[in-house]
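Structure first, commentary second.
All ligand and atom numbering here is 1-based and tracks the order in the structure.
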Amino acid sequence: MHKVVLISLRGYREWTESLGPRREHIIQKVQARIHGALWSSFTAVGALPHHFRYDYLIALANNVPRHWIDTAVAKIRRSSPVEVDYCIGMGETPLDAYRSCGEHKEGKESNAVVAHVDIVNSTDATRINGPIHTYLRALDMLRTAAGACEDVGCIAFYLGGDNMVVYLPEPKAIYALLDRVEAPVRAGVGVSPRPYTAFVKATKGLDALRAENKTGVKVVR
Ligand SMILES: Nc1nc2c(ncn2[C@@H]2O[C@H](COP(=O)(O)OP(=O)(O)OP(=O)(O)O)[C@@H](O)[C@H]2O)c(=O)[nH]1
């Protein structure tokens, strides 16, 4: 079973609207603070978070004890202008786990499987076509991956630059995404009991492919 933590900032909408029209600079500063707190506190307990909507945050948390999750959420609360709730979901895939948040399913937690995906040679593409062009290629990759994730039960997020992270149900699921993504990519896939260690392994796999000037997939267990 995979485990996902879904964090919700209760009343965030009302808070944003309470700031009046001259609010975006305040919202962005608060979101940056929450972003930093999330990536510090959840990776410190071995989970792999993502800030995705900011009013909702998420983390893959296979084999991370509940009280460690509580500790990480407490640090988010210190950065949030509103109350912070969270639920834990378990499922055969990360997407099932996300969808079952709060259902209190039980089961043996499996290794986390995470992909770090990167578009090949974005620097040259950026130099020739500009950063908006390569940014849009990265968003196309993300949208295509999200469509494939509906079939295989993964969850994909944008990391910045030309990078994407994917919470996978199993290593071979990455091929369902890469079969659809048009851009030439490299994908490191990491497997480990705790998600952030799995992501570090995925990055090692990605760096190894880059060093060998290869595209495709490298799994690091
Ligand atoms: N979030 C994140 N961003 C990265 C990482 N490595 C690179 N980037 C970003 O991605 C952009 C492109 O970097 P690279 O992917 O190394 O450049 P590239 O020209 O595509 O090189 P190759 O991938 O080796 O073909 C950088 O400017 C960074 O913004 C990473 O590990 N994590």
Quiz item: Are any of the N/O atoms in Thr123 less than 3.5 Å from those in ligand 1?
Solution: yes

Exercise. Return yes or no for this condition: an N or O of Val120 is under 3.5 Å from an N or O of ligand 1.
Key: no

Quiz item: What distance do Ser100 atom OG and Leu6 atom CG have between them, rounded to the nearest 0.5 Å?
Solution: 10.5 Å

Quiz item: Quick one: are Pro94 and Cys154 in side-chain contact, heavy atoms under 4.5 Å?
Solution: no

Quiz item: Can you find a heavy atom in the side chain of Val45 that is under 4.5 Å from one in the side chain of Ile69?
Solution: no

Within a distance under 4.0 Å of any heavy atom of [X], pick out the atoms of ligand 1 and give their elements.
X	value
Arg186	22 (P), 23 (O), 24 (O), 25 (O)
Leu159	1 (N)
Ile119	20 (O), 23 (O)

Self-check item: Pairing residues for Asp55 by the salt bridge (Lys or Arg N to Asp or Glu O under 4.0 Å) criterion, not counting sequence neighbours
Solution: Arg53

Name the closest protein heavy atom to [atom], giving the residue it belongs to and the distance to 0.1 Å.
atom	result
atom 28 (C) of ligand 1	Gly161 CA, 4.3 Å
atom 21 (O) of ligand 1	Asn121 N, 4.1 Å
atom 20 (O) of ligand 1	Ser122 N, 2.7 Å
atom 32 (N) of ligand 1	Asn163 OD1, 3.7 Å
atom 16 (O) of ligand 1	Arg210 NH2, 3.5 Å
atom 31 (O) of ligand 1	His116 CE1, 3.3 Å

Quiz item: Are Arg210 and Asp207 ion-paired here, with the side-chain N under 4.0 Å from a carboxylate O?
Solution: yes

Exercise. Answer yes or no: is there an ion pair linking Asp124 with Arg127, defined by an N-O contact shorter than 4.0 Å?
Key: yes

Quiz item: Taking atom types as modelled and ignoring hydrogens, do the side chains of Tyr158 and His50 form a donor-acceptor contact shorter than 3.5 angstrom?
Solution: no

Self-check item: Non-hydrogen protein atom less than 4.0 angstrom from atom 26 (C) of ligand 1
Solution: no

Quiz item: Given Thr126, Asp118, Asp162, which one has a non-hydrogen atom that is nearest to atom 11 (C) of ligand 1?
Solution: Asp162

Quiz item: Are Thr203 and ligand 1 in contact, using a heavy-atom cut-off of under 4.0 Å?
Solution: no

Exercise. For ring-ring contact (aromatic ring centres under 6.0 Å, His included), just list the numbers for Tyr56 and Tyr12, CA-CA rounded to whole Å, side-chain angles, deciding distance to a tenth of an Å, and then say yes or no.
Key: CA-CA 9 Å; Tyr56 288 88; Tyr12 193 71; 9.5 Å; no

Self-check item: Residue list, side chain to side chain contact (heavy atoms under 4.5 Å, CB included) with Ala176, at least two apart or on another chain
Solution: Val152

